[in-house]
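Structure first, then comments.
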Amino acid sequence: MRISRLVTRTLRDDPPEAETASHRLMLRAGLIQQVAAGVYAYLPLAWRSLQKIEQIVREEMDAAAGQELRMPALQPLELWQQTDRDAAFGDNMFRLEDRRGRPLALAPTHEEVVTNIVKGNVQSYRDLPVILYQMQTKFRDEPRPRAGLVRVREFTMKDAYSFDADDDGLDDSYQAMAQAYRNVFRRCSIPVVMAEADSGAIGGKDSHEFLLPTASGEDTVITCPGCGYAANAEKAEGVYPSQETPDPLPLEEVSTPGIKTIATLAEFLGITEAQTLKAVFYAADGEVVFVTIRGDLEVNEVKLKNALHCNELRLADDEEVERAGLVAGSASAIGLTHIRKIADPSISDGGNFVVGANNPDTHYRNANYPRDFDADIITDIGLTQPGHRCAQCGATLESTRGVEVGHIFKLGTFFSEALGAFYLDTDGQQQPITMGCYGIGVSRILAAAIEQNHDERGIVFPPPIAPYQVHLVGLNMSDENVAQAAGDLYDRLWAVGIETLFDDREDAAAGVKFNDADLIGLPVRLVVSPRNLRQSAVEVRGRTADEAEMVALNDAVGAVRSSLGTAC
RNA sequence: CGGGGUGUAGCGCAGUGGCUAGCGCGCCACGUUCGGGACGUGGAGGUCGGUGGUUCGAAUCCACUCACCCCGACCA
């Protein structure tokens with residue numbers, strides 16, 4: 001490609017709206033252009049890179065016995081009602097109607113469709129296992145898109161689905177996919193952490209996320225420096241600091257004027273936050289529920305959602321709190337009726353807690369479970385935090401932010417049972433197919449790769465996913481000798497299959513060309529100039545190299561080859 | 001969904017009721033330059049997000065609306 005003919009141009013200045021490095025650099029280098037909130041056009045340079053990423057994913061999926069297919073993005077809503085995921089996705093699913101008023105959805109994922117496909121084709125255990133995958137545009141009406149390609153409403157996803165006879169088979173498929181994922185991310189120069197994750201409302205057994213650790217990430221990952229344990233914070237199991245259980249004292253009211261938060265309460269009474277119980281009110285599918293946990297701990301909303309088996313969970317608003325007769329700032333389970341109460345086991349770790357008195361400006365001292373209050377559900381709803389201890393080895397847990405680039409699930413038989421995908425086993429008995437699903441955000445890989453691989457000058461493309469391998473710069477292109485030599489070299493490079501971007505602009509100064517080359521960040525830069533031509537040489541320089549190397553014009557192609565070889 | 005912010009030329013921005021709406025970059029033409037974001041001369045390019053209103057007069061004031069960005073989805 002000749003830059004004089006390339007439709008996109010680079011931006012001299014940083015776009016003001018872009019916060020994260022990948023977003024900023026993709027806009028500046030002319031990789032993407034925004035069309036709407038969370039909707040981007042992939043411009044020619046990005047598209048070449050994305051096709052390479054897709055090909056890497058394809059090769060690894062094929063190597064793991066995956067069969068590529070392509071399913072429709074446009075799907076009847078009825079299909080989603082059969083598994084009740086119409087409700088589970090809620091507003092996150094784009095909905096529309098056809099001309100007859102028939103409800104349709106733009107697919108956020110494809111379990112329903114793929115299960116129906118397999119249902120019509122697999123009848124016997126002899127037909128299993130099967131792994132199907134596709135590269136496809138997914139639609140999700142995210143509440144808040146952000147950070148360029150990191151969180152968008154339309155994106156390219158590789159989604160794979162495994163079908164096995166039983167859990168042992170699923171384990172094999174799952175391991176094969178996990179290994180394929182590691183290979184993909186290694187080839188794209190994204191150093192991932194594989195972290196345990198919540199399996200969600202579907203209720204599968206295992207689930208793992210692949211995350212790029214970076215400060216700009218959206219997810220919080222809890223890691224253990226002792227044993228290597230890693231889990232998404234919403235899933236992480238840890239041990240919070242335990243404390244002595246004192247002899248119970250009588251319940252006693254205490255005046256706490258103006259005190260509404262745990263921090264001010266503890267300070268006011270001269271106690272630790274762990275000596276209080278925190279009260280939080282949630283709306284679970286519209287029902288206001290009361291949640292309590294030890295004051296120094298946080299509620300893990302994913303665990304809470306799982307415990308309540310609800311689709312939508314959010315904090316209750318002021319009106320709902322008032323209508324439920326709850327007193328924000330001074331609430332506790334004591335004397336509460338007509339409302340579901342969920343408690344974390346931490347309410348029994350310690351004792352003689354300070355809790356709200358369900359009266360403004362008033363708290364109780366010495367509240368103890370179950371003497372003074374009860375709960376309808378007692379289950380782990382605590383958020384594991386850095387500083388807690390690892391459940392496996394006891395080391396102190398740490399946390400990091402991360403961008404999720406892949407996610408794998410063991411689904412079990414939820415979809416096969418709901419949609420009637422059965423096979424006959426060796427005894428001639430009908431059995432539901434055991435499923436797994438495996439997603440990679442292809443477009444997010446591009447963002448993550450740039451997030452990981454850039455410097456102050458621009459992108460540092462990993463060679464396997466670079467749009468072109470070589471950035472050929474002709475300096476002073478109005479000089480006939482330069483135009484001739486650079487043009488010849490360009491043709492020779494392409495002749496041996498080396499993808500080359502040729503800066504043949506006559507009107508751009510050297511500095512402009514060098515800065516653009518650094519910004520776009522192809523692995524190797526070649527410079528043809530009058531100065532170099534006087535020694536019949538061309539300058540070869542890796543994107544991150546300190547020094548350029550002079551090579552005879554005739555040896556340039558070979559030099560590029562070896563340079564790319566070492567760069568890979 | 002709540003809060004904050006921004007919409008003026010391709011991009012970045014200025015313009016608080018009064019003449020033909022400006023500046024930088026970019027773009028076009030010619031010339032000079034030519035190894036890390038050159039220079040000169042001349043030019044092209046705007047329904048000021050939209051609708052309605054106030055006014056002799058609106059980019060500017062008011063109302064509504066749309067779009068986009070950021071923060072929060074927050075423990076009381």
Side-chain angles (χ1 to χ4, degrees), chain A residues 7-20 23 27-28 30 33-40 90-91 141-148 153 218 256 258-265 273 276-283 290-301 304 312-322 324 326-332 342 344 355-356 358 360-361 363 381-383 385 457-458 473-479 482 503 505-519 525 527-534 538-539 541 548 550:
Chain A
V7 67
T8 54
R9 50 197 315 130
T10 54
L11 301 179
R12 183 175 287 235
D13 300 309
D14 282 339
E17 73 275 16
E19 300 288 319
T20 58
H23 188 197
L27 287 171
R28 270 196 70 192
Q33 188 165 317
Q34 187 175 30
V35 173
V39 181
Y40 286 87
D91 287 340
D141 196 359
E142 297 285 347
R144 187 150 96 82
R146 61 173 288 277
R153 299 192 296 169
E218 298 185 293
T256 52
I259 302 294
K260 283 180 178 293
T261 67
I262 291 294
T264 52
L265 177 66
E273 295 190 3
T276 71
L277 297 184
K278 180 181 287 185
V280 195
F281 321 130
Y282 281 91
F290 176 93
V291 178
T292 188
I293 189 168
R294 206 173 74 187
D296 60 321
L297 305 176
E298 306 283 320
V299 172
N300 179 331
E301 295 191 0
L304 179 59
E312 192 213 15
L313 183 74
R314 57 175 172 79
L315 286 171
D317 61 36
D318 293 346
E319 192 194 328
E320 288 167 329
V321 168
E322 200 173 322
L326 298 165
V327 181
S330 294
S332 75
I342 294 83
D344 186 78
V355 304
N358 297 317
D361 305 326
H363 283 78
I381 50 169
L383 185 68
Q385 295 175 285
R457 294 181 162 279
V473 176
L475 290 187
N476 200 347
M477 284 295 290
S478 53
D479 180 319
V482 172
D503 194 342
R505 291 175 292 180
E506 287 194 16
D507 54 353
V512 171
K513 294 188 172 192
F514 290 145
N515 281 313
D516 278 351
D518 290 340
L519 177 59
R525 189 184 79 187
V527 179
V528 175
S529 70
R531 198 176 80 187
N532 294 344
L533 282 183
R534 280 196 287 277
V538 58
E539 189 179 307
R541 179 176 188 161
M550 296 302 293

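Keep in mind that what you see is a predicted model, and the values were worked out from it rather than measured. Letters A, B, ... are given to chains in the order of the sequence lines, protein chains preceding strands, and every chain is numbered from 1. Because only heavy atoms are used, hydrogens play no part in the values below, and waters and symmetry mates are left out as well, while side chains stay in.
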(message) Reading RNA chain B from 5' onward, which residue's closest nucleotide shows up sooner: A/Leu297 or A/Lys513?
(response)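 Nearest-nucleotide comparison on RNA chain B picks A/Lys513.
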
(request) Using whole Å, report how far CD1 of A/Ile293 lies from C1' of B/C74. (result)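 Atom CD1 in A/Ile293 sits about 14 Å away from atom C1' in B/C74.
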
(request) Give the rounded distance in Å between these two atoms: CG of A/Asp14 and P of B/C11. (result)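 Going from A/Asp14 (CG) to B/C11 (P), I get 16 Å.
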
(request) Classify the nucleic acid contact of A/Arg28 as base, sugar-phosphate or nothing, counting any heavy atom under 4.0 Å across all strands shown. (result)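 Base: the residue A/Arg28, judged by heavy atoms under 4.0 Å, touches a nucleobase.
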
(request) For A/Arg505, answer base if it contacts any base atom (sugar-phosphate contacts may also be present), sugar-phosphate if it contacts only those atoms, and nothing otherwise; contact means non-hydrogen atoms under 4.0 Å. (result)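 Here A/Arg505 touches no strand at all.
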
What distance, rounded to whole Å, do you find between the two [atom1] atoms, one in [N] and one in [M]?
N	M	atom1	answer
B/A21	B/U47	C1'	14 Å
B/G72	B/C56	P	49 Å
B/G57	B/G17	C1'	8 Å
B/A14	B/C61	P	15 Å
B/G50	B/G7	P	14 Å
B/G40	B/G36	C1'	23 Å
B/G15	B/A58	C1'	14 Å
B/G37	B/C74	C1'	45 Å

(request) Would you confirm whether A/Asn532, through its side chain, and A/Val538, through its main-chain N or O, come within 3.5 Å as a donor-acceptor pair? (result)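 Side chain of A/Asn532 to backbone of A/Val538: no pair is present.
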
(request) State whether the side chain of A/Gln34 and the backbone N or O of A/Ala36 hold a donor-acceptor pair below 3.5 Å, judged by distance alone. (result)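 Such a contact is found between A/Gln34 side chain and A/Ala36 backbone.
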
(message) What I'd like to find out is whether the side chain of A/Pro530 reaches to under 4.5 Å of the side chain of A/Val482, using heavy atoms alone.
(response)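 Of all side-chain heavy-atom pairs linking A/Val482 with A/Pro530, at least one is under 4.5 Å.
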
(message) Could you tell me if the side chain of A/Val299 sits less than 4.5 Å from the side chain of A/Tyr282, heavy atoms only?
(response)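 Heavy-atom side-chain distance check passes, below 4.5 Å.
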
Output one line per pair: protein atom, nucleotide atom from nucleotides 69-73 of chain B, and distance, for all N/O pairs under 3.5 Å.
from	atom 1	to	atom 2	distance (Å)
B/C69	OP1	A/Gln34	NE2	2.7
B/C71	OP2	A/Arg144	NH1	2.9
B/C71	OP2	A/Arg144	NH2	2.7

Considering only distance and modelled atom types, tabulate donor-acceptor pairs under 3.5 Å from the side chains of residues 511-518 of chain A, sequence neighbours left out.
from	atom 1	to	atom 2	distance (Å)
A/Lys513	NZ	A/Gly474	O	2.6
A/Lys513	NZ	A/Asp503	O	3.4
A/Lys513	NZ	A/Arg505	O	2.6
A/Asn515	ND2	A/Gly511	O	2.9
A/Asp516	OD1	A/Thr10	OG1	2.7
A/Asp516	OD2	A/Thr10	OG1	3.4
A/Asp516	OD2	A/Arg505	NH2	3.0
A/Asp518	OD2	A/Arg457	NH1	3.2

Any strand is fair game: report the nucleotide pairing with [N] by Watson-Crick or G-U wobble, both distances under 3.5 Å, or none.
N	value
B/G24	B/C11
B/A58	none
B/G72	B/C1
B/U16	none
B/G45	none
B/C34	none

Distance (rounded to the nearest 0.5 Å) between [X] [atom1] and [Y] [atom2]:
X	Y	atom1	atom2	value
A/Glu273	A/Lys278	CD	NZ	7.0 Å
A/Leu304	A/Asp344	CG	CG	10.0 Å
A/Arg28	A/Asp14	CZ	CG	5.0 Å

(message) Among A/Ile262, A/Ile293, A/Thr292, A/Leu297, exactly one meets side-chain contact (heavy atoms from CB on, under 4.5 Å) together with A/Leu277. Which residue is that?
(response)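 Result: among A/Ile262, A/Ile293, A/Thr292, A/Leu297, A/Thr292 is the only option passing the side-chain contact (heavy atoms from CB on, under 4.5 Å) with A/Leu277.
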
(request) Using the six-membered ring wherever Trp is involved, compare the ring planes of A/Phe290 and A/Phe281 and label them parallel, tilted or perpendicular (cut-offs 30° and 60°). (result)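 Tilted: the ring planes of A/Phe290 and A/Phe281 meet at 30° to 60°.
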
Between the protein and nucleotides 25-35 of chain B, which nitrogen or oxygen pairs come in under 3.5 angstrom?
from	atom 1	to	atom 2	distance (Å)
B/G26	O3'	A/Arg9	NH2	3.2
B/G26	O2'	A/Arg9	NH2	2.8
B/C34	N3	A/Asn476	OD1	3.3
B/C34	N4	A/Ser478	OG	3.3
B/G35	O2'	A/Arg531	NH1	3.4
B/G35	N7	A/Ser529	OG	3.3
B/G35	O6	A/Ser529	OG	2.0
B/G35	O6	A/Asn532	OD1	2.6
B/G35	O6	A/Asn532	ND2	2.7
B/G35	N1	A/Arg531	NH2	3.4
B/G35	N1	A/Glu539	OE1	2.8
B/G35	N2	A/Glu539	OE1	2.6
B/G35	N2	A/Glu539	OE2	3.0

